[in-house]
Amino acid sequence: MDQKELVHAVAERTRLSREESADITWAVLEGLAEQLSEGEARRLATDIPDMLAEQLPGPRRRRQGAHPVVVTDFIRQVVERTGLIYDDARAGTAAVLATLQEKLSEEDYSHVIGQLPAGYSELVTAAG
C-alpha cells in the first residue's frame, strides 16, 4: 500500500477532502505509534507507506509496553492535531483503522488492535 492509496481509501470512506484525509491519516498513525509498544510501533512503520513511516515518532521511552488511550480521548487528540470537528475526526479515525484492517495482514492488524482498548475495534465495526 502506498501513501496515495491509503489517503484515497480514507477519503472514500469519509466526506473529508483529500487534504483533510491526508492530515487525519498522519495524525491517527502518529497517535497509534505513541500508544503501541516500541516493537509494535516499529512493526506498524514497516507496514505503512515509507513517507508516512518516516514521519512517525521514533522510540521515545525506555518502557517497552503499550500505553493505550481510550478511544474518545484519542479522537480528541486527533481533533487537536488536525483542527477537524469531533465528528469528522471520529469518522476519519474509523476510516484509517478500517483501511489498515483491510490493507494489513490479519496478523499485523491484530497486533496493532490487540494493544488498544476495545473501543477501537468497536469504532472500526461501526464504520463498516
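All residue numbers refer to positions in the sequence shown, counting from 1.
- When all heavy atoms of Q101 and V124 are compared, the pair lying nearest together is OE1-CG1, 3.1 Å.
- The two residues G31 and R81 make their nearest non-hydrogen contact at CA-NH1, 3.3 Å.
- You'll find the side chain of R90 stays beyond 4.5 Å of the side chain of T93, heavy atoms only.
- Pairing each heavy atom of V79 with each of A89, the nearest pair is CG2-CB, 3.5 Å.
- Here CD of E107 is found 4.5 Å from CZ of R43. Values are rounded to the nearest 0.5 Å.
- Residues V28 and F74 meet the side-chain proximity criterion, which asks for heavy atoms closer than 4.5 Å.
- Annotation: the span from L116 atom CG to L97 atom CG amounts to 7.5 Å, rounded to 0.5 Å.
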Practice item. For the pair D88 and R15, evaluate salt bridge (charged side-chain N to carboxylate O under 4.0 Å, His left out) and give the outcome as yes or no after the intermediate values. Key: CA-CA 8 Å; D88 287 345; R15 62 182 180 159; 2.7 Å; yes
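- In this structure, E40 and Q35 have side chains that are not in contact, with every pair of non-hydrogen atoms separated by 4.5 Å or more.
- Atom CD of E5 is separated from atom NZ of K103 by 4.0 Å, given to the nearest 0.5 angstrom.
- Scanning both residues, G92 and V10, for their nearest heavy atoms gives O-CG1, 4.4 Å.
- Taking the side chain as every heavy atom from C-beta outward, T25 and T99 never approach each other to under 4.5 Å.
- In this structure, T14 and A91 approach most closely via the heavy-atom pair CG2-O, 3.6 Å.
- Under the 4.5 Å side-chain criterion, counting only non-hydrogen atoms from C-beta, L32 is not in contact with V96.
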Exercise for review: Under the side-chain contact (heavy atoms from CB on, under 4.5 Å) rule, what do V69 and Y120 come out as? Steps first, then yes or no, please.
Suggested key: CA-CA 10 Å; V69 175; Y120 289 81; 4.3 Å; yes
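- Of all heavy-atom pairs spanning A33 and A41, the tightest one is O-CB, 3.7 Å.
- Rounded to the nearest 0.5 Å, atoms OG (S21) and CD (E12) are 10.0 Å apart.
- Here CG of D108 is found 9.0 Å from CG of L44. Values are rounded to the nearest 0.5 Å.
- At a threshold of 4.5 Å between non-hydrogen side-chain atoms, the residues Y86 and T72 count as touching.
- Within a 6.0 Å radius of NE2 in H8, no more than 12 heavy atoms belonging to other residues, nucleotides or ligands are found.
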Check your understanding: Yes or no on side-chain contact (heavy atoms from CB on, under 4.5 Å) for I113 and L100, after CA distance, side-chain angles and deciding distance?
Key -> CA-CA 10 Å; I113 206 74; L100 289 176; over 6 Å; no
Exercise for review: Start with the C-alpha gap between I75 and L123, add the side-chain angles, then the distance that decides, and say whether side-chain contact (heavy atoms from CB on, under 4.5 Å) holds.
Suggested key: CA-CA 11 Å; I75 294 169; L123 186 63; 4.3 Å; yes
